[in-house]
Amino acid sequence: MPAKSLSFAVEKLLQQVSDLSASPCPEAATSQTQDKVIQLRVEVDTAVPLIAWLASQQQYPRVYWQGRDKKQEVAAVGCAKDFLFQDNIDDERLAEIYQSQKALSTDPSIRYYGGIAFDRSIESWPEFGRARFILPRIELRRSSELFSLMLNLNFADNDATTELQQATDALKQLMPPRPLVPPYKVGLMARHDKPAYPRWEELVRQVTDPEFNQTVPKVVLSRVSQLEVNEVMDPWMVLACWQGRNQNSFQFGFQFSPDRAFISCSPERLFQRQDRELHTEALAGTTVRGLNQDEDEMLANQLLDDSKNSHENQLVREHIVDVLGPLSEKVDADDTPKIFKLTHIQHLHRDIRAQLNPGVNDFQLLLALHPTPAVGGLPRQEAMHFIRGQEGYLRGWYAGACGYLNKYESEFSVAIRSALLEPGRINLYAGAGIVAGSDPRAEWQELENKLATIISILIDF
């Protein structure tokens, strides 16, 4: 029997949609439980380069997700349901909306992809909003070595005729995967850092002032480096290159229109939930990698012994354990940190595990864990207030929570090491935890170290 190719899967889905169109009740024809959100899927036997397939498509939104363990990878296009919250929205209302949407389907494979801004109390980027989640129209999903093409149908908001016609049109617009454009670099016309170094130095002095630091022991200050360029960068080529340089990271991207794409190659997990089992982590404390194995090990040991970085990591661990306590039957956390290595830098890392109470949902976890002390500070509200008033630029989805929601499993990453690509400009983001003893110049250099990989991909010096 010949292998089922991607084109075969498209034709198979088109036939299934055609059969549904001929049915007097399409919802009932696909489900025994009268689901209003339905997923059709066909396995694909031949391997497909997902990010190249995504870059070849002409439909929006475009979404890419790959977990840190590389077992799950998704490329998705189009939209069957869109939740965009551009203006202020109550966090509890977000949870209510998701719970009502989740009730429309019993299929454990249905996923909603999206993100929540770092600070939902203020305005965010155009198109991205304070929170945005979509049920894609079409997903190409890899689970280990198994590939599937999936079509999502939303009969809750559209009549059957309209929904099936829109699904047919989306399938017919799919393009076969083409090789990604070869990596290329652009010339840098100008660079602007916000905040610039003099303001950064002033902010670090404020946070480390003993009187301030006594009540707010940690604030994560960040910077956007705006690169002015005169060429258009393909965000998926950039993400693929970044992916190749940082294998131990989550890779994800959201492109809601041709004008803007947010991509991230983030080492940090916010949480992974499988039914009631939760995995999260404390990732804070940073140094560079060595030029050889001996130097690398020496730097790692210095990081483990460094009181400032160890204290920073311990603060994050304690906070996460505290906020998970009311939501969990049991919480376990590593007592001592380990080293987590990336291409140019290495971090202190502690695993944290919890057995959740029955009925705890993903939005309760998001509200409890996000933003973590690794991107905001402690106490959370006081640190957020300082960032909101003093940092001087709009973080948007940088340091936000990005991932997917699912009835039985969900996963979110913290969107650090990220970039927002716009016409004529590439915005790069990095942050550093400021605690007692932090040195402005050393922390500024840490920002440069964190951006070294992506800048080497983008810029032709």
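Any value given below was found using the heavy atoms of this structure, including those in side chains, with hydrogens, waters and symmetry copies removed.
Using cut-offs of 30° and 60° on the angle between ring planes, the pair Trp125 and Phe128 is perpendicular. Taking the six-membered ring where the residue is Trp, Trp200 and Trp444 present perpendicular rings, their angle passing 60° and hence far from 30°. Ring geometry for Phe412 versus Phe133: interplanar angle over 60°, hence perpendicular rather than tilted (30 to 60°).
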Derivation and outcome, ring-ring contact (aromatic ring centres under 6.0 Å, His included), residues Phe262 and Tyr398: CA-CA 9 Å; Phe262 179 63; Tyr398 161 65; 8.2 Å; no
From CA spacing to verdict: side chain to side chain contact (heavy atoms under 4.5 Å, CB included), Trp53, Val77: CA-CA 10 Å; Trp53 176 85; Val77 296; 4.2 Å; yes
Trace of the side chain to side chain contact (heavy atoms under 4.5 Å, CB included) decision for Arg276 with Glu329: CA-CA 10 Å; Arg276 291 170 55 200; Glu329 293 179 353; 2.7 Å; yes
From CA spacing to verdict: side chain to side chain contact (heavy atoms under 4.5 Å, CB included), Ile110, Val37: CA-CA 8 Å; Ile110 298 288; Val37 174; 4.1 Å; yes
Ile457/Trp242 under side chain to side chain contact (heavy atoms under 4.5 Å, CB included): CA gap, chis, key distance, verdict: CA-CA 7 Å; Ile457 291 169; Trp242 209 353; 4.0 Å; yes
Worked verdict on Arg317 versus Asp335 for salt bridge (charged side-chain N to carboxylate O under 4.0 Å, His left out): CA-CA 9 Å; Arg317 174 195 182 276; Asp335 291 326; 3.5 Å; yes
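Within the structure, every pair that satisfies the salt bridge (Lys or Arg N to Asp or Glu O under 4.0 Å) test and touches residues 208-221, not counting sequence neighbours, is listed here: Lys218-Glu312. Residues in residues 246-255 take part in no salt bridge (Lys or Arg N to Asp or Glu O under 4.0 Å) pair, two or more places apart or across chains.
Remark: Arg289 engages Asp296 in a salt bridge, criterion side-chain N to carboxylate O under 4.0 Å. Between Asp193 and Arg199 there is no salt bridge, since no side-chain N of the basic residue sits under 4.0 Å from a carboxylate O of the acidic one. Looking at Arg93 and Glu96, a side-chain N of the basic residue comes within less than 4.0 Å of a carboxylate O on the acidic one, giving a salt bridge. Between Arg269 and Asp351 there is no salt bridge, since no side-chain N of the basic residue sits under 4.0 Å from a carboxylate O of the acidic one. With respect to Glu163 and Arg137, a salt bridge is recorded, a charged nitrogen being found less than 4.0 Å from a carboxylate O. Ion pairing of Asp82 with Arg132 is present here, as a side-chain N (NZ or NE/NH1/NH2) and a carboxylate O approach within less than 4.0 Å. With respect to the salt-bridge test (charged N to carboxylate O, under 4.0 angstrom), the residues Arg273 and Glu277 do not qualify.
Judged by a 6.0 Å distance limit and a 45° cone about the ring axis, Arg130 is not positioned over the six-membered ring of Phe85. Relative to the six-membered ring of Tyr197, Arg441 meets both conditions, a distance below 6.0 Å and an angle of at most 45° to the axis. Relative to the ring axis of Phe83, Lys81 places its NZ or CZ within 45° and under 6.0 Å from the centre. Relative to the six-membered ring of Tyr429, Arg395 misses at least one condition, a distance below 6.0 Å or an angle of at most 45° to the axis.
Formation of a donor-acceptor pair under 3.5 Å by the Asn154 side chain with backbone atoms of Ala80 is found in this model. Not one N or O on the side chain of Glu297 forms a donor-acceptor pair closer than 3.5 Å with the backbone of Asn292. Proximity of a side-chain donor or acceptor of Asn248 to a complementary backbone N or O of Leu342 within less than 3.5 Å is not detected. Judged purely by atom type and a 3.5 angstrom limit, Asn357 uses its side chain to pair as donor or acceptor with the backbone of Pro326. Without hydrogens or angle criteria, Asn313 side chain to Leu348 main chain gives a donor-acceptor distance under 3.5 Å. Counting only distance, with no hydrogens or angles, the side chain of Asp35 and the backbone of Ser105 share no donor-acceptor pair below 3.5 Å. Between the side chain of Glu318 and the backbone N or O of Val316 there is no donor-acceptor pair closer than 3.5 Å. Looking only at distances, no side-chain donor or acceptor of Thr287 sits under 3.5 Å from a matching main-chain atom of Gln346. A donor-acceptor distance shorter than 3.5 angstrom exists from the side chain of Ser124 to the backbone of Gly129, with no hydrogens or angles considered. Of the possible polar contacts, one joining the Arg142 side chain to the Ser144 backbone as a donor-acceptor pair under 3.5 Å is found.
Counting non-hydrogen atoms of neighbouring residues, nucleotides and ligands closer than 6.0 angstrom, the CD atom of Gln274 reaches no more than 12 such neighbours. The number of heavy-atom neighbours closer than 6.0 Å to NZ of Lys330, taken from other residues, nucleotides and ligands shown, is 12 or below. Crowding of Lys71 atom NZ: a count of heavy atoms from other residues, nucleotides or ligands under 6.0 Å not exceeding 12.
Expressed to the nearest 0.5 Å, how far NZ of Lys194 lies from CG of Asn427 amounts to 8.5 Å. The CD1 atom of Ile51 sits 11.0 Å away from atom OG of Ser56, with the distance rounded to the nearest 0.5 Å. Taken from CG in Leu135 to CG in Asp157, the straight-line distance is 10.0 Å, to the nearest 0.5 Å. Here the CG atom belonging to Leu40 is positioned 6.5 Å from the CG atom belonging to Leu13, to the nearest 0.5 angstrom. Between the CH2 atom in Trp236 and the CD atom in Gln243 there is a gap of 11.0 Å [rounded to 0.5 Å].
In this view, Gln445 and Asn449 satisfy the side-chain hydrogen bond (donor to acceptor under 3.5 Å, both in side chains) rule, not counting sequence neighbours.
When all heavy atoms of Gln72 and Ser143 are compared, the closest pair comes out as NE2-OG, 3.4 Å. Nearest approach of Pro217 to Leu378, heavy atoms of both residues: CD-O, 3.1 Å. Scanning both residues, Phe250 and Ser413, for their nearest heavy atoms gives CD1-OG, 3.6 Å. Closest of all the heavy-atom pairs between Leu54 and Arg62 is CD1-CB, 3.8 Å. Nearest approach of Ala383 to Gly376, heavy atoms of both residues: CB-O, 3.7 Å. When all heavy atoms are compared, the tightest approach of Leu428 to Ala419 is CD2-CB, 3.6 Å.
Residues Leu149 and Glu43 are not in side-chain contact: their nearest non-hydrogen atoms beyond the backbone lie 4.5 Å or more apart. When side chains are defined from C-beta on, Leu394 counts as touching Glu123, because their heavy atoms get closer than 4.5 Å. Counting heavy atoms from C-beta on, the side chains of Cys402 and Trp397 come closer than 4.5 Å. No side-chain heavy atom of Asn213 sits less than 4.5 Å from a side-chain heavy atom of Thr208. With a 4.5 Å cut-off on side-chain heavy atoms, Lys308 and His311 do not count as touching. Side-chain contact between Gln355 and Ser328: absent, with no pair of heavy atoms (C-beta onward) separated by less than 4.5 Å. Contact annotation: the side chain of Glu281 never approaches that of Asp334 to less than 4.5 Å [non-hydrogen atoms, C-beta and beyond]. Thr372 has its side chain within reach of Glu268: a pair of non-hydrogen atoms, C-beta onward, lies under 4.5 Å apart.
For the residue pair Ser266/Arg68, the side-chain donor-acceptor check at 3.5 Å is not satisfied.
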